[in-house]
Novice: 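Below is a structure I'd like to ask you about.
If you're wondering where the values come from, they're calculated on a predicted model, not measured in any experiment. Protein chains get the first letters and strands the later ones, always in sequence-line order, with residue 1 at the start of each.
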Amino acid sequence: MIEVRRLTKVYGAGRAVDRLTFTVKSGVVTGFLGPNGAGKTTTLRMVMGLDRPTEGTATVAGRRYADLADPLRTVGALLDARAVHPRRTARDHLRCLAASGGIADRRVDDVLGLVGLDQAARRRAGEFSLGMSQRLGIAAALLGDPEVLVLDEPVNGLDPEGIWWIRGFMRSLAAEGRTVLVSSHLMSEMSVTADHLIVIGRGRLLADAGVAELTGPQSVLVRAARPAELAGLLSAEGASVSRSGKALTVTGMGSAAIGALAAVRGLALIELTPQRTTLEEAYMGLTGDSVEFGGGGAS
Amino acid sequence: MRAALRGEWRKLRTLRSTTYSLVVLAVLSVGFGALFSGGAAGSHRERPAEFDPAALSLQGGAMFGQIVIGVLGVLSITSEYAAGTITAGLAAVPRRGRLFAAKAAVVGVVAAVAGLSAALASFLIGQWVFAAGGVPYAGLGDAGVARAVLGAGLYLALIGLLGLALGFLTRSTAAGVTLLTSMTVLVLAVLQLLPQWAAGFWPTVAGMQVVTTLPGSSPWPGFLLFTVFVAALTAAALWTFQRRDA
């Protein structure tokens, strides 16, 4: 569990993080979202004890990071995948960290296998692609088999196969009861990975809610040969329907129920599509005012 | 603390620059030990009473050896800032004082072993050059000679810690190395403009007085001054490391 209470970081005149309060629970993947420059990395660095908060506290498993008895076995973090000495081999990089954290060397080969880098273990980290560096950073985070994982933009630079892999990986870690906090500036990525979302903008908390809550009621787009008849039927069954031409937007009823009702009455459907864009819209709505460097003209 | 020490030792050992530094140190110690001694042999004819064979050989070796060991000290921490691995290091050992102590211990021991070997090597080659040149030479058993060789080794060990402190303070290889070479070697050009007694108060110059073996010379006060200087910089480095954002 990660607890952040009134966390504030002031740089000169600007507040990078402004009285941020949230709790990251175990057993779910929590997405930490915000536009670039929103203060995500600064927050994570304060959680990791790297930067000193101007005010407020950040604790992991009930303690400040610096007070953890066995930090690598409690928290695994990926903050910057490129932070590897370019001339050290992947294996040596991990062995240095393992030694510092009091972790046995054989665990190094285990985690290299877990992230699929066993073939590249003896290559210098400087020769790695960004995707490979991300994998190495994740291997480092897993060294201590920790209860809490903090991953800053882990899908950056990964190829589609790598993205698919890390999504599944984060979900399985959460399913084991671990705490997984993963930051991103991409809502679309979080919508398929996270169960819970913490959204910040300009250092302030904008939302702290489950993915379902943020998206609001799901709607279904239905196009039918006889839309008026179908609309009447669905309304009678308790759904709310808005119609434009042959298209109906239905809320309060799932696509399976709509399909079944239409089949019973012999009404032909042309299209039946659950609407999933609303999460991205919810995010844009939340962060629209807090983008540090917005594109000119578009608004 | 043991884990922190093992980690720091491994970090130093898995960097090629460490190996290169030690090879360069060996070459410079022997090479300049011999070269300086060869050049100094002539001074025996002019002022035989001031001829100090042990000191001459050790000064020659340490003059350049100190840059190598000092740079090793600087790099042991600035390479972490340059690559960004300092964050991973602090994730593993979040107590800053402990990380600092572990790094200082490892750098100190490596610098001491390397420094003592380098001092011994430049002493032995220097005496061999003196003997071949037909001027008086010293043996390890002569009065003050063992202390001079040991002292030169300790001087180099402290230079390693000085480099580490400068690295922690500047967090930049370029700035750290520039400060180090200015303090140890370039400053000598400026000090030549001062009277000799005044120049002797510059910490590194004072520290090198530990190699004198002439009767009536006092090796320790200067070395103490140098030790206090390195300790003060190390304390300043620790103080800033504990307070700054990583």
Novice: Find out whether A/Leu181 and A/Leu149 are in side-chain contact, i.e. whether some heavy atom of one side chain is under 4.5 Å from a heavy atom of the other.
Specialist: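 Result no, sub-4.5 Å side-chain heavy-atom pair not found.
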Novice: Where do A/Thr23 and A/Arg5 land on the side-chain contact (heavy atoms from CB on, under 4.5 Å) test, with the steps shown first?
Specialist: CA-CA 8 Å; A/Thr23 301; A/Arg5 294 286 171 269; 3.0 Å; yes
Novice: Distance-only check: which donor-acceptor pairs of chain A and chain B lie under 3.5 Å?
Specialist:
from: A/Lys9; atom 1: NZ; to: B/Asp245; atom 2: OD2; distance (Å): 2.7
from: A/Arg45; atom 1: NH2; to: B/Ala246; atom 2: O; distance (Å): 2.3
from: A/Gly49; atom 1: O; to: B/Arg96; atom 2: NH2; distance (Å): 3.2
from: A/Leu50; atom 1: O; to: B/Arg96; atom 2: NH2; distance (Å): 3.0
from: A/Leu50; atom 1: O; to: B/Ala246; atom 2: N; distance (Å): 2.9
from: A/Arg52; atom 1: N; to: B/Asp245; atom 2: OD1; distance (Å): 2.8
from: A/Arg52; atom 1: NH2; to: B/Gln242; atom 2: O; distance (Å): 3.2
from: A/Tyr65; atom 1: OH; to: B/Ala91; atom 2: O; distance (Å): 2.5
from: A/Ala66; atom 1: O; to: B/Arg95; atom 2: NE; distance (Å): 3.2
from: A/Leu68; atom 1: O; to: B/Arg95; atom 2: NH2; distance (Å): 3.4
from: A/Arg88; atom 1: NE; to: B/Thr14; atom 2: OG1; distance (Å): 2.8
from: A/Arg88; atom 1: NH2; to: B/Lys11; atom 2: O; distance (Å): 2.8
from: A/Arg95; atom 1: O; to: B/Arg10; atom 2: NH1; distance (Å): 2.8
from: A/Asp105; atom 1: OD1; to: B/Arg10; atom 2: NH1; distance (Å): 2.9
from: A/Asp105; atom 1: OD1; to: B/Arg10; atom 2: NH2; distance (Å): 3.4
from: A/Asp105; atom 1: OD2; to: B/Arg10; atom 2: NH2; distance (Å): 2.9

Novice: Is chain B contacted by the side chain of A/Leu143, its backbone, both, or neither, given a heavy-atom distance below 4.5 Å?
Specialist: neither
Novice: Please check if atom CZ in A/Arg204 has more than 12 non-hydrogen atoms from other residues, nucleotides or ligands closer than 6.0 Å.
Specialist: no
Novice: With sequence neighbours left out, what residues match B/Phe100 under ring pair (Phe, Tyr, Trp, His ring centres under 6.0 Å)?
Specialist: B/Phe168
Novice: Specify which of B/Ile86, B/Leu15, B/Leu99 makes the most heavy-atom pairs with chain A at under 4.5 Å.
Specialist: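 Most heavy-atom pairs under 4.5 Å with chain A: B/Leu15.
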Novice: Specify which of A/Leu50, A/Leu72, A/Ile103 makes the most heavy-atom pairs with chain B at under 4.5 Å.
Specialist: A/Leu50
Novice: Which one, A/Gly49, A/Ala141, A/Ala66, leads in non-hydrogen pairs under 4.5 Å with chain B?
Specialist: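 Option with the greatest count: A/Ala66.
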Novice: Would you name the heavy atoms of A/Pro86 and B/Ala83 that are closest together and state the gap between them?
Specialist: CD-CB, 4.3 Å
Novice: Just give me the residue among A/Ala140, A/Ala125, A/Ala99 that pairs up with chain B most often, heavy atom to heavy atom, under 4.5 Å.
Specialist: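 Sorted descending by pairs with chain B, the first entry is A/Ala99.
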Novice: Would you check if A/Thr30 and A/Val182 make a side-chain contact, meaning some heavy-atom pair closer than 4.5 Å?
Specialist: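 They are not in contact (no side-chain heavy atoms under 4.5 Å apart), so the answer is no.
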Novice: Atom CD1 of B/Ile159 and atom CG of B/Leu164: how far apart are they, to the nearest 0.5 Å?
Specialist: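 One finds 12.5 Å between CD1 of B/Ile159 and CG of B/Leu164.
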Novice: Test side-chain hydrogen bond (donor to acceptor under 3.5 Å, both in side chains) on A/Glu189 and A/Thr193 and set out the steps.
Specialist: CA-CA 7 Å; A/Glu189 176 55 33; A/Thr193 319; 3.1 Å; yes
Novice: Parallel under 30°, tilted from 30 to 60°, perpendicular over 60°: which one fits the rings of B/Phe32 and B/Phe36?
Specialist: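 Plane angle over 60°, so perpendicular.
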Novice: What residue, out of B/Ala91, B/Ala4, B/Ala88, has the most heavy-atom pairs lying under 4.5 Å from chain A?
Specialist: B/Ala91
Novice: Counting heavy-atom pairs under 4.5 Å to chain B, which of A/Ala77, A/Pro71, A/Gly102 comes out on top?
Specialist: A/Pro71
Novice: Between B/Ala102, B/Ala92, B/Ala82, B/Gly84, which shows the greatest number of heavy-atom pairs under 4.5 Å with chain A?
Specialist: B/Ala92
Novice: Which pair of non-hydrogen atoms, one from A/Met170 and one from A/Val180, has the smallest distance, and what is that distance?
Specialist: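 So the minimum-distance heavy-atom pair works out to O-CG2, 4.1 Å.
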